[in-house]
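The block underneath contains the structure these notes are about, expressed in C-alpha cells.
All values below come from the heavy atoms of this structure, side chains included, with hydrogens, waters and symmetry mates left out.
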Amino acid sequence: MVSVRKKSRTLLSSKNASITNPRLVVLDLLLKQSRPLTIDQVLKLAKGKLAQSTLYRVISDLTEFGLISEFTTPENTIVVELNTGENSGHHHHIFCENCVRIIDIELDDKLEAALEKEVSKIEKQYSLSIRGHSLELLGLCGPCSVSGNE
C-alpha cells in the first residue's frame with residue numbers, strides 16, 4: 001500500500017510542482033481526511049506545522065496546479081478539497097448547520113441534466129454566460145441529528 005506522503009509527492013510531481021513541506025502537509029491532510037476541510041480545520045489538523053499565511057499561499061499554489069479546488073460555505077468560510085479521486089468531477093455539497101461538516105454528494109444523472117437545462121434557460125433569459133453551478137443543501141448530519149443538536 002502506498003503511503004499518504006508518497007501519494008502527496010506523486011501528485012506534486014505529476015504537476016511539475018516543487019515539493020515543499022507545507023504543500024505536503026496540506027495534501028497529506030486532505031488525503032487522510034478524504035473530505036472537504038475549512039481553513040480552520042486544516043490549521044487545527046496541521047498541529048502547528050503551518051502558519052495561516054503559508055496555508056493561503058499553499059492553497060493558491062495547489063489550486064493553480066489543479067490539485068485542489070476551493071469554495072465558500074453559506075457562512076462565507078473558505079473550504080478546500082482534493083481535485084483527485086472519486087469526487088474530482090462535478091459534485092455538490094451538504095452543509096451541517098451544527099458541526100460544520102461538509103459532505104460531498106453527486107446528483108442523479110437525470111436531475112443533473114434537468115439542472116443544466118434550467119441553467120441554460122437562465123443564461124438565455126438574462127443574457128449571461130454561466131461558468132458553473134453548485135447546489136447547497138443545508139441541514140444536520142447524522143450524528144448531529146441523532147444527538148438532538150438543533
Exercise for review: Following the transitive rule for hydrophobic clusters with a side-chain heavy-atom cut-off under 4.5 Å over Ile, Leu, Val, Met, Phe, Trp and Tyr, establish whether Ile94 and Leu135 coincide in one cluster.
Suggested key: yes
**Study point:** Same apolar cluster: Ile102 and Leu29, side chain cutoff 4.5 Å
**Key:** no
Point-to-point distance, once rounded to the nearest 0.5 Å, from [atom1] of [X] to [atom2] of [Y]:
{"X": "Leu43", "Y": "Thr38", "atom1": "CG", "atom2": "OG1", "answer": "8.5 Å"}
{"X": "Asn76", "Y": "Thr72", "atom1": "CG", "atom2": "OG1", "answer": "6.5 Å"}
{"X": "Cys96", "Y": "Leu140", "atom1": "SG", "atom2": "CG", "answer": "5.0 Å"}
{"X": "Leu115", "Y": "Ser134", "atom1": "CG", "atom2": "OG", "answer": "9.5 Å"}

With a 4.5 Å heavy-atom cut-off, do [X] and [Y] have their side chains touching?
{"X": "Glu75", "Y": "Phe95", "answer": "no"}
{"X": "Glu70", "Y": "Ser60", "answer": "no"}
{"X": "Ser13", "Y": "Ile19", "answer": "yes"}
{"X": "Leu27", "Y": "Leu82", "answer": "yes"}
{"X": "Val58", "Y": "Val25", "answer": "no"}
{"X": "Ser18", "Y": "Arg23", "answer": "yes"}
{"X": "Leu24", "Y": "Arg5", "answer": "yes"}
{"X": "Ile39", "Y": "Tyr56", "answer": "yes"}

Check your understanding: Will you find, in the side chains of Glu112 and His91, an N or O donor that is under 3.5 Å from an N or O acceptor?
Key -> no
Check your understanding: Looking only at side chains, do His133 and Glu118 share a donor and an acceptor under 3.5 Å apart?
Key -> no
Which atom names give the shortest non-hydrogen contact between [X] and [Y], and what distance separates them?
{"X": "Leu62", "Y": "Val26", "result": "CD1-CG1, 3.8 Å"}
{"X": "Glu81", "Y": "Phe71", "result": "OE2-CE2, 3.6 Å"}
{"X": "Ile105", "Y": "Leu137", "result": "CD1-CD1, 3.5 Å"}
{"X": "Pro36", "Y": "Gln41", "result": "O-OE1, 4.1 Å"}
{"X": "Ser8", "Y": "Leu31", "result": "OG-CD1, 3.4 Å"}
{"X": "Thr63", "Y": "Ile59", "result": "OG1-O, 2.7 Å"}

Side-chain donor or acceptor of [X] paired with backbone N/O of [Y] under 3.5 Å:
{"X": "Thr73", "Y": "Thr77", "answer": "yes"}
{"X": "Glu123", "Y": "Ile130", "answer": "yes"}
{"X": "Thr10", "Y": "Lys6", "answer": "yes"}
{"X": "Ser14", "Y": "Leu11", "answer": "yes"}

